[in-house]
Amino acid sequence: MSGFIMLNNIQHQFADETVIKDLNLTIPEGQLFGLLGPSGSGKTTLVKILIGLLIPTEGTVQIANTPMPSLKQLQQIGYMAQSDALYNDLTGKENLDFFASIYGIGKKERDQRIQEAAAVVNLSDNLNKIVDNYSGGMKRRMSLAAALLHRPSLLILDEPTVGIDPVLRASIWDDLKKLQAEGTTIIITTHVMDEADKCDRLALLRDGYVIAQGSPGELKESSESETLEEAFLYYGKSKK
């Protein structure tokens, strides 16, 4: 399996606590890859290592054959954190205009990119509203739009649908599938089993370890489980 993203022997410590332990992952280009695990399993730490916000205590990260962190590769990554980093007293369009300037998108091209990103997340009719008046779901979609402005080849989303109602969650997943069909590689963290089922492949994380990886179907088949939840419990017990 060729690796667009390669994490080799990753370990990471905060003070005396090791939160990522001997982790190896290879993610092909164009895949929708899920990191599935409960809170505290190491998902967010791993995402921050991927984009270079954290330097691992041990191990190496490569994206497109480039060691991370790399400013060149960061320009090709769209990142959506768990918390919405939006300016509530500005309109949606003003928020996107600000983020477009951060990405270095020229003024001539900026309006087109803003309209494109807003259309992907179905917020075109809400761009002139103050973000403080947005619902929680609208804010999550606005955060996704901000991550898409520079047309990244890699999109990394940390719990993008947390706190969102099922209808909006389905809409965001439709958006992700469209982006993947256009060639974007997507990594998503989640603890929601039905979302994990929509990924091409998964890494199951528990206590900083990858306890299993494979497609949802492979994980269920090899554990003789009907659901991913049962498979997760099976692999969790087998790694004790």
Side-chain angles (χ1 to χ4, degrees), residues 5 27 30-36 43-44 46-48 50-51 53 63 73-88 90-105 109-192 194-196 198-200:
I5 299 166
I27 302 173
Q31 197 164 81
L32 202 168
F33 191 91
L35 300 171
L36 174 66
K43 302 189 302 294
T44 295
L46 183 57
V47 161
K48 289 181 178 179
L50 258 175
I51 63 174
L53 281 177
I63 298 178
Q73 282 303 323
L74 280 175
Q75 293 168 346
Q76 300 298 317
I77 297 173
Y79 172 55
M80 180 179 173
Q82 280 190 33
S83 301
D84 297 307
L86 301 172
Y87 293 93
N88 287 325
L90 299 181
T91 66
K93 185 173 183 180
E94 288 169 338
N95 267 273
L96 293 180
D97 187 74
F98 169 75
F99 287 113
S101 69
I102 295 295
Y103 288 130
I105 300 170
E109 195 178 1
R110 203 173 292 175
D111 191 60
Q112 178 189 347
R113 296 286 189 94
I114 289 171
Q115 295 299 330
E116 280 180 4
V120 168
V121 297
N122 300 313
L123 283 176
S124 299
D125 295 336
N126 298 281
L127 285 178
N128 293 319
K129 291 182 181 178
I130 299 294
V131 167
D132 197 39
N133 295 325
Y134 279 17
S135 67
M138 291 170 70
K139 288 180 179 179
R140 292 306 280 157
R141 285 187 285 154
M142 178 56 64
S143 293
L144 178 55
L148 296 173
L149 281 168
H150 57 308
R151 297 172 182 163
S153 58
L154 172 61
L155 190 58
I156 301 177
L157 310 175
D158 196 1
E159 301 275 5
T161 61
V162 66
I164 291 182
D165 68 73
V167 174
L168 285 175
R169 194 147 48 96
S171 175
I172 286 178
W173 270 92
D174 286 344
D175 297 335
L176 296 181
K177 290 292 187 179
K178 290 174 186 174
L179 290 167
Q180 184 192 14
E182 294 169 2
T184 306
T185 304
I186 301 172
I187 298 174
I188 183 169
T189 75
T190 186
H191 59 270
V192 181
D194 68 325
E195 289 191 346
K198 298 174 183 176
C199 296
D200 298 323

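Counting begins at 1 with the first residue of the sequence. What you see is a predicted model; the values in this text were computed from it and never measured.
Counting all heavy atoms, side chain and backbone alike, Thr184 lies closest to Pro152 at CG2-O, 3.8 Å. Of all the heavy atoms in Leu157 and Met80, the pair that sits closest is CD2-CB, 3.5 Å. For the pair Pro160 and Ile188, the tightest heavy-atom approach, listed with the atom from each and the gap, is CG-CD1, 3.4 Å. Considering every non-hydrogen atom in both Lys198 and Lys177, the closest pair reads O-NZ, 2.8 Å. Asn128 approaches Thr91 most closely through the heavy-atom pair O-CG2, 3.5 Å. In terms of heavy atoms, Ala146 sits closest to Phe99 at CB-CD1, 3.8 Å.
Looking only at side-chain heavy atoms (C-beta outward), Gln76 and Ile63 stay at 4.5 Å or farther from each other. Residues Lys48 and Thr44 are in side-chain contact: their nearest non-hydrogen atoms beyond the backbone lie under 4.5 Å apart. Counting heavy atoms from C-beta on, the side chains of Leu148 and Leu179 come closer than 4.5 Å. When side chains are defined from C-beta on, Leu36 does not count as touching Glu195, because their heavy atoms never get closer than 4.5 Å. Side-chain atoms of Tyr79 and Leu50, non-hydrogen and from C-beta on, never get closer than 4.5 Å to each other. Using a 4.5 Å heavy-atom threshold, the side chains of Val131 and Lys139 count as touching. Side-chain contact check for Gln180 versus Asp200: some heavy-atom pair is nearer than 4.5 Å. Side-chain atoms of Ile5 and Leu154, non-hydrogen and from C-beta on, do get closer than 4.5 Å to each other.
Contacts of Tyr87 classified as side-chain contact (heavy atoms from CB on, under 4.5 Å), with partners at least two apart in sequence or in another chain: Asp89, Leu90, Asn95, Phe98. Under the side-chain contact (heavy atoms from CB on, under 4.5 Å) criterion, Lys129 pairs with Asn126, Tyr134, sequence neighbours left out.
Taking CG of Asn88 as the start and CG of Asp132 as the end, the distance is 5.0 Å to the nearest 0.5 Å. In this structure, CZ on Arg140 lies 9.0 Å from CG on Leu86, to the nearest 0.5 angstrom. Note that CD1 of Ile186 and CD1 of Ile156 are 11.0 Å apart. Values are rounded to the nearest 0.5 Å.
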Problem - Evaluation steps, side chain to side chain contact (heavy atoms under 4.5 Å, CB included), between Met142 and Leu127 - result: CA-CA 9 Å; Met142 178 56 64; Leu127 285 178; 4.2 Å; yes
Cut-off 3.5 Å, no hydrogens considered: what does the side-chain donor-acceptor table look like for residues 109-123, sequence neighbours left out?
{"from": "Glu109", "atom 1": "OE2", "to": "Arg113", "atom 2": "NE", "distance (Å)": "3.0"}
{"from": "Glu109", "atom 1": "OE2", "to": "Arg113", "atom 2": "NH2", "distance (Å)": "2.7"}
{"from": "Arg110", "atom 1": "NE", "to": "Ile105", "atom 2": "O", "distance (Å)": "3.1"}
{"from": "Arg110", "atom 1": "NH2", "to": "Ile105", "atom 2": "O", "distance (Å)": "3.0"}
{"from": "Asp111", "atom 1": "OD1", "to": "Lys93", "atom 2": "NZ", "distance (Å)": "3.3"}
{"from": "Gln112", "atom 1": "NE2", "to": "Glu116", "atom 2": "OE2", "distance (Å)": "3.2"}
{"from": "Arg113", "atom 1": "NH1", "to": "Leu149", "atom 2": "O", "distance (Å)": "2.9"}
{"from": "Glu116", "atom 1": "OE1", "to": "Arg151", "atom 2": "NE", "distance (Å)": "3.2"}
{"from": "Glu116", "atom 1": "OE1", "to": "Arg151", "atom 2": "NH2", "distance (Å)": "3.2"}
{"from": "Glu116", "atom 1": "OE2", "to": "Arg151", "atom 2": "NH2", "distance (Å)": "2.8"}
{"from": "Asn122", "atom 1": "ND2", "to": "Ser171", "atom 2": "OG", "distance (Å)": "3.4"}

